[in-house]
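Read the structure below first, then the notes.
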Protein chains: 2
Amino acid sequence: MTYTLHQGDALGVMSRLPDDSVDALITDPPYNSGGRTSKERVSRTARDKYTSGTVNTLADFPGDQKDQRAYTRWLAEILTEGYRVTRPQGLAVVFCDWRQGPATSDALQMAGWLWSGTLSWIKPACRPRKGGFRQSCEYMFWGVKGSLDSSRDLYLPGHFTGSQPRKGRVHITQKPVELMRDLVRVCVPGGTVLDPFTGSGSTGVAALLEGRQFVGIEVTPHYWQIADTRLAEVERDLASRPSDPPVQEDTTAATAPAST
Amino acid sequence: MTYTLHQGDALGVMSRLPDDSVDALITDPPYNSGGRTSKERVSRTARDKYTSGTVNTLADFPGDQKDQRAYTRWLAEILTEGYRVTRPQGLAVVFCDWRQGPATSDALQMAGWLWSGTLSWIKPACRPRKGGFRQSCEYMFWGVKGSLDSSRDLYLPGHFTGSQPRKGRVHITQKPVELMRDLVRVCVPGGTVLDPFTGSGSTGVAALLEGRQFVGIEVTPHYWQIADTRLAEVERDLASRPSDPPVQEDTTAATAPAST
DNA sequence: TACTGGTATGAATCGGATA
DNA sequence: GTATCCGATTCATACCAGT
């Protein structure tokens, strides 16, 4: 399995990708949430918003200063390009937090996707909230270009449990590879997964491990470099194996069942 | 603990309840989803939509034939009345399925509530979906009238696991009492929980068991009768106990931890 | 290796001080 | 009065070191 990692702006790079060239769009855009007021949301860096009260040395990431309306329109543009680039019957899976759920489903549908469901990612280790309910989930909104390929012998879970990586974490919003391995299975075996917000590259790592090809885009040179290093290492490991992973439909779960 | 159960239309009955008279609004309105097209939504009864493929003899319920826009406006009216009836710092918890998430958060905010989070209810036993992700969650959107009472020593989970009751189920959308017992704890001990769509009365049963009072509204005489019978029985059981439940803040979980 | 106990941390939130 | 900044807070879990 091979990967391509572009360095540049998501919209700009995507506009140069050919029609119908990928099988699935799986991505985690900057949420542009965090903060009590619109002013607080747009006037602080992602790091200030999402890591306040704790100490860490992770690099900041850009693109997290939009208000609700701008966020919806921007995400719709991204997903519109993603729609063009994805082949018919391909899928999109978009991460969001609770605040951006409505904006995300709007953008997904504005871009032409048939919104087909919402997945929950349960994070067992999250901060408590005094006087109310903690926010222990992030969400993935998914949609289809056209209609679902019901001829595939594929049955995926509707919720996932897993903690953010703690050891060896390099990005503020890094996802567990196990979670991403479950998600990339919506892409046909041997097909191509696109992630226009690659970050540290967990989507790509999962894609390669599951026998899918990967096309990534990352705007920050810092994270582009990190992702490239991770992906190259996975590719090398896989190449040194005696045989390639199977390319037929994999009906068994990549990881243990989602709920413990 | 005592309960009051009105028989009548939710809006009509609520309009006659006094201001600031309840501490929490916890309810599961008719979802008005179930169907990809507006035609599919309005041309089938609730029972046809939510129980296809199985045979059951549960009674149908009304109020499930609105399109998205009408649903949002209708729910906003309900929640506006609920806002008036709820005291400052009181909470609202509203169930919805994935399709109605955006409409629900819109209605909640249109009614004046400060949308403060989204909870996931994980249903382990749900239908698989060929070629994609199953839909294993329902959601609860919650909000506050004013600001959260951060002086309460209360920390509630952000997700819940539980299957719909099988044995002794009397309503199509009946909730597990264990789930509802966790939810009613947002109401101060000894306070009052309002549920304008009482159905078979699980919210009320949970409220009484957790030492909260209950005000319910149910339009269908059939379900009003069922709820009244259930609630009366719980009230009788509690009265025959040697002592009442404690009225101080209960910091321990009512049930086992949410996951697993 | 399996278990135990100690420690650190999280896409946070909020009130109140400061500018 | 408004916008911004600062710091205290909380629990479940993951990780680590030691037995």
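The structure displayed is predicted, hence computed values, not measured ones. Just so it is clear: chains get the letters A, B, ... in the order the sequence lines come, proteins before strands, and each one is counted from 1.
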To the nearest angstrom, how far is [X] atom [atom1] from [N] atom [atom2]?
X: B:Tyr155; N: D:dT13; atom1: OH; atom2: C1'; answer: 17 Å
X: A:Lys175; N: C:dG10; atom1: NZ; atom2: P; answer: 14 Å
X: A:Lys130; N: C:dA12; atom1: NZ; atom2: P; answer: 20 Å
X: A:Lys49; N: D:dC6; atom1: NZ; atom2: C1'; answer: 18 Å
X: A:Arg47; N: C:dA12; atom1: CZ; atom2: P; answer: 13 Å
X: A:Arg44; N: D:dC5; atom1: CZ; atom2: P; answer: 9 Å
X: A:Arg41; N: C:dC14; atom1: CZ; atom2: P; answer: 12 Å
X: A:Glu40; N: C:dG16; atom1: CD; atom2: C1'; answer: 13 Å

Please tell me if [X] has a side-chain N or O lying less than 4.0 Å from either OP1 or OP2 of [N].
X: B:Ser150; N: C:dC14; answer: no
X: A:Arg36; N: C:dA12; answer: no
X: A:Arg127; N: D:dA8; answer: no
X: A:Ser52; N: C:dA12; answer: no

Using a heavy-atom cut-off of 4.0 Å across all strands, would you classify [X] as base, sugar-phosphate, or nothing?
X: A:Arg129; value: sugar-phosphate
X: A:Gly34; value: nothing
X: A:Glu138; value: base
X: A:Pro176; value: nothing
X: A:Asp28; value: base

Quiz item: What is the ring orientation for A:Phe160 with B:Phe133, classed by angle as parallel under 30°, tilted 30 to 60°, or perpendicular over 60°?
Solution: perpendicular

Quiz prompt | Parallel, tilted or perpendicular: ring planes of A:Phe141 versus A:Trp115, cut at 30 and 60 degrees | solution = parallel

Quiz item: Where the side chain of A:Ser163 is defined as all heavy atoms beyond and including C-beta, which of C:dC14, D:dA14, D:dC15 is the nearest nucleotide?
Solution: D:dA14

Quiz item: Distance only, no hydrogens: is a donor on one side chain within 3.5 Å (strictly under) of an acceptor on the other, for A:Ser15 and A:Arg84?
Solution: no

Quiz item: If we ignore angles and hydrogens, is there a donor and acceptor under 3.5 Å between the side chains of B:Thr72 and B:Asp106?
Solution: no

Exercise. Please name the pair of heavy atoms, one in B:Arg152 and one in B:Pro189, separated by the smallest distance, quoted to 0.1 Å.
Key: NH2-CD, 3.9 Å

Quiz item: Around A:Arg44, counting heavy atoms of other residues, nucleotides and ligands shown, do more than 12 lie under 6.0 Å from its CZ?
Solution: yes

Self-check item: 5' precedence on DNA chain C between A:Thr54 and B:Leu148 (nearest-nucleotide basis)
Solution: A:Thr54

Quiz item: On DNA chain C, nearest-nucleotide positions of A:Ser33 versus B:Leu114: which is more 5'?
Solution: A:Ser33

Practice problem: Determine which nucleotide pairs with D:dA3, using a 3.5 Å limit on both distances of a Watson-Crick or G-U wobble pair. | Solution: C:dT18

Practice problem: Name the pairing partner of D:dT10, where a pair is Watson-Crick or G-U wobble with both distances under 3.5 Å, or state none. | Solution: none

Self-check item: Distance-only donor-acceptor test, A:Arg134 side-chain atoms vs C:dG10 base atoms, 3.5 Å
Solution: no

